[in-house]
Amino acid sequence: MKSHIRELLARAIEKAAKGGELKVTDLPPLLLEPPKQKELGDLATNVALIWAKEQRKSPRAIAEAILKNLEDPDGILARAEVAGPGFLNFSFSPRFCYERLRAVEDGRELEVDLGRGEKVQVEFASANPTGPLHVGHGRVAVIGDVLARLFEAAGFAVEREYYVNDTGRQIEQLGLSIYLRYRELHGETIAFPQEGYPGDYVRELAAEVKRRWGERFLAEKREDAVQFLSGFGGESLLGAIRRDLADFGITFDSFVSEKGLRERKEVERTIELLRSRGLLYREEGAEWFRATAYGDDKDRTVVKSDGELTYFASDIAYHRNKFERGFKKLINVWGADHHGYVNRLKAAVKALGYDPEILHVVLVQMVHLTRGGEPVRMGKRLGEFVTLREVVEEVGKDAARFFFLMRKSDSHLDFDLELAKKESSENPVFYVQYAHARIASIFEQARQSGIDVEAVRSNAVMLERLERAEEMELIKRVIQCPEAIEESVRELEPHRLAFYLLELAGEFHRYYNRFRVISDDGELTRARLVLLRNVQKVVRSGLHLLGVEAPSRMAPRDEAALDAAAGAAESSTRGR
RNA sequence: GCGCCAGUAGCUCAGGUGGACAGAGCAACGGCCUUCUAAGCCGUAGGUCAGGGGUUCGAAUCCCUUCUGGCGCGCCA
């Protein structure tokens with residue numbers, strides 16, 4: 001829709017320039033947005049205001065000049081006018097809206113082709129396999145997953161990747177923790193170290209080790225046992241993480257192992273490359289990368305004084321590997337606690353000679369988890385934390401996913417478990433799903449009154465009968481869907497799609513309450529069925545992009561059951 | 001101390017590349033079920049856009065500054 005107007009504007013400006021009414025310059029980065037008050041039209045632009053200074057004319061004069069030269073051979077517009085300080089306001093003609101609606105039915109209008117098959121990689125989740133995923137990971141995972149879905153919808157060839165930190169200090173600590181718990185199981189009293197992992201899952205792993213291998217590790221050398229158990233623990237936990245994510249609707253195309261990168265010497269070779277370009281220097285026995293030469297505020301260690309490579313060294317090699325795979329866009333979805341890492345990574349990318357513009361880092365702010373208003377501490381180093389799995393089991397996959405997508409990623413997210421459980425029926429996800437189910441229900445009703453719903457196609461229906469203001473609003477909202485997807489992709493902000501769906505659902509519920517779809521007027525009934533089918537189609541597509549189910553039926557609220565649950569024959573509080 | 005993110009209605013948050021009277025949901029209050037699911041709809045009320053300066057014809061939006069909260073500033077990962 002916007003693109004149609006943009007085109008008309010560009011032509012009008014060109015014509016005005018030729019006629020000498022405007023100076024010829026490049027089109028400014030004009031804003032084309034729906035005005036705040038919808039009475040003013042469907043879209044408004046501020047070109048004239050932006051241009052006023054450069055053109056040395058009053059905004060209104062410029063707007064008039066553009067308007068005078070505006071041609072609309074296809075009848076897209078119902079209205080175009082200059083208003084206020086010099087805005088140009090446009091309203092779409094019903095005819096144009098009907099035509100776009102038909103396109104939705106044909107499946108054309110939902111196809112957004114921004115990508116043209118370009119290769120994009122989304123790397124997300126990537127939690128260390130040293131414990132189960134917690135809610136914070138869940139938010140990161142959902143945002144990454146939905147970004148991937150959005151990019152697919154927009155015509156990109158997407159690869160989802162999980163980077164596994166399966167080597168280094170933390171994995172060793174995991175192995176040691178399992179080892180110590182294992183010895184405890186054999187009757188020893190152990191002073192559990194501060195840096196160990198205290199969670200119950202470590203005891204469970206130790207018990208499994210005991211079941212499978214008996215007393216074998218009591219006899220082995222401690223280092224050997226710990227090394228083995230590190231590998232065992234890491235693999236087990238990665239498996240658990242993958243199951244948690246799969247049950248949350250999230251899968252990956254590839255897993256890249258840090259250990260693998262090291263074993264294939266990719267890390268060493270990358271460091272050698274930097275060294276050969278003179279980008280490293282030695283100081284205090286360690287080797288440093290000149291990150292400050294590429295925009296970072298500090299130089300960074302890549303080889304420790306004991307000769308060990310740092311995590312950062314692996315990460316440089318990993319990103320080199322990504323670039324070598326030929327992606328046109330790399331998207332990293334990280335927890336915001338890693339934000340200090342962005343600059344050093346970009347510096348390394350630049351130093352290696354790759355285009356840093358290809359790499360996008362989406363930072364996802366912390367989830368503030370509460371239970372009945374009381375903060376719940378999170379973190380792998382604390383005994384008690386709430387896992388993603390627990391949350392999903394409590395509030396459901398759909399509600400959890402939608403909740404995580406309800407805020408832009410760089411805002412902190414408040415997530416109260418009690419609230420999510422107790423008032424789960426108030427969760428906005430139901431509002432959107434209900435719109436989908438309600439429409440399905442109307443179709444069922446129509447079938448029962450003998451209408452062949454599937455056979456009612458837009459090209460055989462008088463869409464012109466949809467002439468109410470509310471109907472036009474609903475149609476316009478439906479045909480905006482591709483723009484919602486485009487914006488979400490362009491800004492890397494999946495929450496925009498969630499907001500769009502809430503608006504669309506709201507528009508539908510309003511309409512539903514105001515008009516009856518099935519009536520004695522067969523022609524009008526068929527036109528409304530076509531409209532609703534397309535509303536439903538967009539809601540369904542949108543929910544699928546968010547990884548949320550689009551049910552055809554939602555259990556009607558059972559008041560008797562609710563009252564029984566409430567405990568007594570209390571007054572039938574008509575819930576919401 | 002330095003850096004990043006946030007501070008918008010009682011609560012949770014949109015809007016933020018400057019633009020026309022500041023939006024939504026929840027909570028509050030008042031209405032709407034003999035008709036396609038009331039998990040819905042309609043209405044009322046609610047705001048010095050954290051405070052203060054500045055730039056501009058115009059600032060929630062940009063700049064400076066103060067305050068508050070979170071996170072980050074390792075030869076940890």
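Within every chain, numbering begins at 1; the chains are lettered A, B, ... in the order of the sequence lines, protein sequences first and strands thereafter. The structure presented is a predicted model; accordingly, all values stated were derived computationally and were not measured. Quick note: numbers below take in every heavy atom, side chains included, and nothing from hydrogens, waters or symmetry partners.
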Inter-nucleotide [atom1] distance ([N], [M]), Å rounded:
N	M	atom1	result
B:C63	B:U55	P	15 Å
B:G46	B:C11	C1'	13 Å
B:C71	B:U65	C1'	23 Å
B:A38	B:G15	P	32 Å
B:A60	B:C13	C1'	14 Å
B:A27	B:A50	P	26 Å
B:A22	B:A45	P	15 Å
B:G40	B:U35	C1'	15 Å

Hey, does [X] reach any base, or is it just sugar-phosphate, or nothing, if we go heavy atoms under 4.0 Å?
X	result
A:E444	nothing
A:S58	nothing
A:A437	base

In the strands shown, is [N] matched to any nucleotide by a Watson-Crick or G-U wobble pair with both distances under 3.5 Å, and which?
N	result
B:G58	none
B:A9	none
B:C2	B:G72
B:U44	B:A28
B:A20	none
B:A14	none

- Task: Under the salt bridge (Lys or Arg N to Asp or Glu O under 4.0 Å) rule, collect the residues that match up with A:E284, sequence neighbours excluded.
- Result: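 None.
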- Kindly write out the residues that satisfy salt bridge (Lys or Arg N to Asp or Glu O under 4.0 Å) with A:K476, not counting sequence neighbours, or none if the list is empty.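 With sequence neighbours excluded, A:K476 shows a salt bridge (Lys or Arg N to Asp or Glu O under 4.0 Å) to A:D42, given in chain and number order.
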What's the [atom1]-[atom2] distance between [X] and [N], to the nearest Å?
X	N	atom1	atom2	answer
A:K346	B:C4	NZ	P	15 Å
A:E172	B:C76	CD	P	12 Å
A:Y500	B:A24	OH	C1'	17 Å
A:L176	B:A77	CG	P	17 Å
A:L502	B:G25	CG	P	10 Å
A:H368	B:G7	NE2	P	17 Å
A:R139	B:C5	CZ	C1'	11 Å
A:Q170	B:G74	CD	C1'	13 Å

- Can you sort out the partners of A:N534 under side chain to side chain donor-acceptor pair (under 3.5 Å), two or more places apart, ordered by chain and number?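 With sequence neighbours excluded, A:N534 shows a side chain to side chain donor-acceptor pair (under 3.5 Å) to no residue whatsoever.
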- Message: Under 3.5 Å, is there any donor-acceptor pair linking the side chain of A:T301 to the base of B:C75?
- Response: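 There is none.
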- Query: Within 45° of the axis and under 6.0 Å from the centre of the six-membered ring of A:F515, does NZ or CZ of A:R468 qualify?
  - Reply: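 Not satisfied by the 6.0 Å and 45° rule.
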Charged N-O contact under 4.0 Å between [X] and [Y]:
X	Y	value
A:R262	A:E258	yes
A:E549	A:K397	yes
A:K2	A:E487	yes

Tell me which nucleotide among [options] gets nearest to the side chain of [X].
X	options	value
A:N165	B:C36, B:A77, B:C73	B:A77
A:R510	B:C41, B:C36, B:C75	B:C41
A:F430	B:G74, B:A39, B:C75	B:A39

Is there a side-chain polar atom (N or O) of [X] under 4.0 Å from OP1 or OP2 of [N]?
X	N	answer
A:K298	B:G3	no
A:Y434	B:A38	yes
A:Y512	B:C33	no
A:K304	B:A77	yes

- A:E287 CD to A:R275 CZ distance, which is reported to the nearest 0.5 Å: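 It is 4.0 Å, given to the nearest 0.5 Å.
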- Roughly how far, to the nearest 0.5 Å, is OG1 of A:T130 from OH of A:Y201?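 One finds 5.5 Å between OH of A:Y201 and OG1 of A:T130.
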- Once base and sugar-phosphate atoms are separated, protein heavy atoms under 4.0 Å mark nucleotides 11-21 of chain B, 5' to 3', with B, S and - as -SSSSB--BBB
- Task: Answer yes or no: is there a side-chain heavy-atom contact under 4.5 Å between A:F124 and A:L147?
- Result: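 The answer is no, as the side chains (C-beta and beyond) never meet within the 4.5 Å cut-off.
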- Message: Both A:F515 and A:V303 contact RNA chain B. Taking the nearest nucleotide for each, which residue is further toward the 5' end?
- Response: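 Nearest-nucleotide comparison on RNA chain B picks A:F515.
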- Query: Looking at RNA chain B, which of residues 334-343 of chain A put a heavy atom within less than 4.0 Å of it?
  - Reply: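 Of all residues in residues 334-343 of chain A, the ones placing a heavy atom under 4.0 Å from RNA chain B are A:A336, A:D337, A:H338, A:H339, A:G340, A:Y341.
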- Message: Looking only at side-chain N and O atoms, does A:R300 offer a donor or acceptor that is under 3.5 Å from a partner on A:Y341?
- Response: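 Note: A:Y341 and A:R300 side chains miss the donor-acceptor criterion.
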- Task: Sequence neighbours left out, what passes ring pair (Phe, Tyr, Trp, His ring centres under 6.0 Å) with A:Y318? Give chain and number order.
- Result: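 Ring pair (Phe, Tyr, Trp, His ring centres under 6.0 Å) list for A:Y318, sorted by chain: A:Y163.
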- Task: Assign B:C33 to syn or anti; the rule is syn for a glycosidic angle within 90° of 0 and anti otherwise.
- Result: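 With its glycosidic angle within 90° of zero, B:C33 counts as syn.
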